[in-house]
Structure formats: structure tokens, C-alpha cells
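These numbers come from a predicted model, not from an experiment.
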Amino acid sequence: MGLIHIDLFTTLDGVAQAPGGPEEDPVGGFEFGGWQAPLFDDVVGQQVGAGMEGMDALLLGRRTYDIFAAYWPHQGGDIAELFNRIPKYVASRQTPTLEWEGSSLLGPDVVAALHDLRNKHQNIHVIGSLDFVQTLFSQRLFDQLNLWVYPILLGSGKKVFADGVVPTNLRLVEPVVTSPNGAVMQRYALVDGTPAVGDMSAMDQES
């Protein structure tokens, strides 16, 4: 059974809107498109590349798909070769024309469609696609969450964890990696159950 990885770049206050460029996603009058660029360094690049090892399918929301489809077919390099070669699946409430070679529309029943994808692929990556990611969070339809957290605060913009998030347990699966510019890479696996609660005052009495 294949794994679904969610890959996101976020600020310290959880904003993940338009990290790549000013025109990426200006919805809501967002003024900080491209906020990731000044903080990108070699360690970030190395970790991004390492995280793509074994990727054999992309699962994207419609907006992210349009951005990728307009850019990656015209680029060279390892990432472009990978993205152009592997199948691309698009989550959309519409029936868009998908011109990027290897692209197809995800079925309307997300749970069933993702079950089928897990049977076809080993490592399915969701990159960006914030609106679609909220559906995955709300249904716990993912296996690993990969977060690059950058040392800036923006205050407004689309957040990684919006209203659809449900109580969920995660486990850090490898040591945290930090970059020279202060970005922190955290990789978490989804685990069973919901967060437990306790009483810290009882612990104080025991000590």
C-alpha cells in the first residue's frame, strides 16, 4: 500500500500561501508572494531533493496544478524531469482540460480515489495545494507531513492548519534539520488515535 506525503513550506505563524513567487496565489490581496525566495539556501535545496526520492506520483489541487503545468514542462534539471515523467492527479470540483502530459482528474469520491492511488503507487506527494490539503487533514487521508518552517511572521494569508483540521496524533520520524537561513525541516508520520489529555498538577505533586 502506497503512502501519501504532504509537502509544505510555511512561515512560523503557519502561512503557506504563495511561497514561490508574487503571482503564484494573490487571492485575498496577499502581498507577500515569494516570501520563501530570500530564505532559500543549499540545505533547503538538498532536503527538497532528498524528499523527492522515490516519488512516483503527484497529487495536486487545481490552482497548484495550473502553476506547475505552466512552468515545469518548459524547465530542465532533475526536478523537471521527475515531474514531467511521473503521473499527475488533479483534485478539482470542475472538469478542467489537463494539458500537461500524464495528467488525469481525481475521481469525485476522494476516499475511493486515494485508495486506488495507493494501490498504484508507492510514494504520492501533495505539494502546496492548500485548499485540497484541508480535505486531507479533515479526513486524515495522509501518511506523512513534511514541513519546512521559516523564521518569519506574515500575519495574514492561507494557513497550513485551517478550520478543517481534526484532532490527530503525529510522530516525528527523523531528526529535525535546520538550514543556515533558519528554516527548520520537520517530517511527521500520522499515527492512530487522537491526542490524549492529562493533569500537569498531578505531576507536580508526584515530583
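- The side-chain contact (heavy atoms from CB on, under 4.5 Å) test with K158 singles out one residue from V133, V15, D131, and that residue is D131.
- Remark: the backbone N or O of W100 is paired with a side-chain donor or acceptor of S103 at under 3.5 angstrom.
- The closest donor-acceptor contact from the side chain of Q134 to the backbone of L130 lies under 3.5 Å.
- Counting non-hydrogen atoms of other residues, nucleotides and ligands closer than 6.0 Å to CD of Q75 gives a total above 12.
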Let's go through L3 and Q122 carefully: what are the C-alpha distance in whole Å and the side-chain angles of both, what is the deciding distance for side-chain contact (heavy atoms from CB on, under 4.5 Å) to 0.1 Å, and is it a yes or a no? CA-CA 6 Å; L3 303 178; Q122 292 301 308; over 6 Å; no
So L60 and I67, side-chain contact (heavy atoms from CB on, under 4.5 Å) or not? Walk me through it. CA-CA 10 Å; L60 305 170; I67 294 169; over 6 Å; no
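- For T64 (side chain) and G61 (main-chain N/O), no donor-acceptor pair under 3.5 Å exists by modelled atom type.
- Under the 4.0 Å criterion applied to side-chain N and carboxylate O atoms, K120 and D56 are not assigned as salt-bridge partners.
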Verify side-chain contact (heavy atoms from CB on, under 4.5 Å) between V43 and V177, making sure each step is shown before the conclusion. CA-CA 9 Å; V43 170; V177 176; 4.1 Å; yes
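- Under a 3.5 Å cut-off, the side chain of K159 and the backbone N or O of G157 do not form any donor-acceptor pair.
- In this structure a side-chain-to-backbone donor-acceptor pair under 3.5 Å is missing from N119 to M1.
- When atom types are taken as modelled, the side chain of S201 and the backbone of D199 share no donor-acceptor pair closer than 3.5 angstrom.
- For N123 and H5, the side-chain atoms include at least one donor-acceptor pair closer than 3.5 Å.
- Within a 6.0 Å sphere centred on CD of E101, heavy atoms belonging to other residues, nucleotides or ligands number 12 at most.
- Proximity of a side-chain donor or acceptor of T178 to a complementary backbone N or O of G182 within less than 3.5 Å is not detected.
- Within the 4.5 Å cutoff, the side chain of L58 has no heavy atoms near those of the Y89 side chain.
- When all heavy atoms of A16 and W35 are compared, the closest pair comes out as CA-CZ2, 4.3 Å.
- For residues 183-195, every residue pair satisfying the side chain to side chain donor-acceptor pair (under 3.5 Å) rule, not counting sequence neighbours, is listed here: Q47-R187, E174-R187, Q186-Y188.
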